[in-house]
Amino acid sequence: ERRIVLLGVKSSTGTLAVDSPTEAQDVVTADALAGRGSELALMYRAAVAQAARDAQNGAKVPRIFLNAIAAPSGGGTAAATETITVTGTATASGPLRLRVAGRPIVVNVDSGESNTSVAAKIEAEIDKLVDIMPVTASVASNVVTCAHVTAGVNGNDVAYRVETNVPGITIALAQSIAGAGSTDYTTSLGVLATARYNGIAVANHASNDVSDLLAHLQATITPTAKLWRRVYIVETGAIGTATTSAAAFNHVGAFVLCCEGAESPPGELSAAACVTYNVACDLRPNPNLNGRKLVGYPPVPANAFTPTEVE
């Protein structure tokens, strides 16, 4: 059997002890362990969705473990916060469509409807998706405020986009508070170095995280340790950033995936990639991943790779 572990931040409501790898059996259990809407809980949801998609031709899905990290706290930390400001009055009826972390938010607007009413509807629609949202929403007058479930820089990865609007209404998106504070994987990776895992999916993607993960691979993938594994890291920013990370790894155990402009947070894509590779490995030891699709929300066409980038 294959075993993977998801390494991510839990919320204050999560009951799972930090750095105590625990197998989850379903999303309800994972939400209780990691905290609903937390980075780790959403990584688990992406992992099981990918497993359901890939489980075919007799392939076995890997066992999925959660390893929780406490959210950054103390001075200098902050949860990323975005405001959705609605102005004007609708002059026609129709659907207003937004995307938050890729999740579709659809509000039916009536002609003559005020900006405060539209704002209240947006907040209500976000609330309906609380189980799958990395943010919580509140509304005051014509402004909806979305706060990341936990503090830290990873909250800055949440994408907001206006997809379609209605006449007379204007939507302004702005980050009012930048996410601040980072998590250190050193202790967690030390715990994971003592057991067998075929894959480790992470949400962080900064240069110091690459260094920590590389040191982990160098300690576990050796003739003595024999703890063969891969780590999965996703970059949704520029392809140049992903290339820099891959060059810094330069290791067979590192899987660096560039999803430039993807609207799913990196942790979710990392979890999905970890699952799809390990499902494929159950069918053959050196799988071809061409044609495999990850669950999640893709980038808009304007962010598609150019022929030069593909080469």
Can you tell me how far the [atom1] atom of [X] sits from the [atom2] atom of [Y], to the nearest 0.5 Å?
X: T276; Y: K293; atom1: OG1; atom2: NZ; answer: 12.0 Å
X: T150; Y: H148; atom1: OG1; atom2: NE2; answer: 5.0 Å
X: I105; Y: K128; atom1: CD1; atom2: NZ; answer: 10.0 Å
X: E39; Y: K10; atom1: CD; atom2: NZ; answer: 13.5 Å
X: N67; Y: S20; atom1: CG; atom2: OG; answer: 7.5 Å

Do the side chains of [Y] and [X] get nearer than 4.5 Å, heavy atoms only?
X: V135; Y: Y160; result: yes
X: T85; Y: I171; result: no
X: V210; Y: F249; result: yes
X: I69; Y: Y185; result: yes
X: V109; Y: V107; result: yes
X: L192; Y: P21; result: yes
X: E82; Y: V158; result: no
X: H205; Y: V234; result: no

Look at the rings of Y277 and Y232 and say which category their plane angle falls in: under 30° parallel, 30 to 60° tilted, over 60° perpendicular. tilted
Should we count CG of D26 as having more than 12 external heavy atoms under 6.0 Å? yes
No-hydrogen, no-angle side-chain donor-acceptor test under 3.5 Å, T13 and S11: yes
Among pairs that include at least one residue of residues 207-226, which meet side-chain hydrogen bond (donor to acceptor under 3.5 Å, both in side chains), considering only residues two or more places apart or in two chains? N204-D209, H216-R229
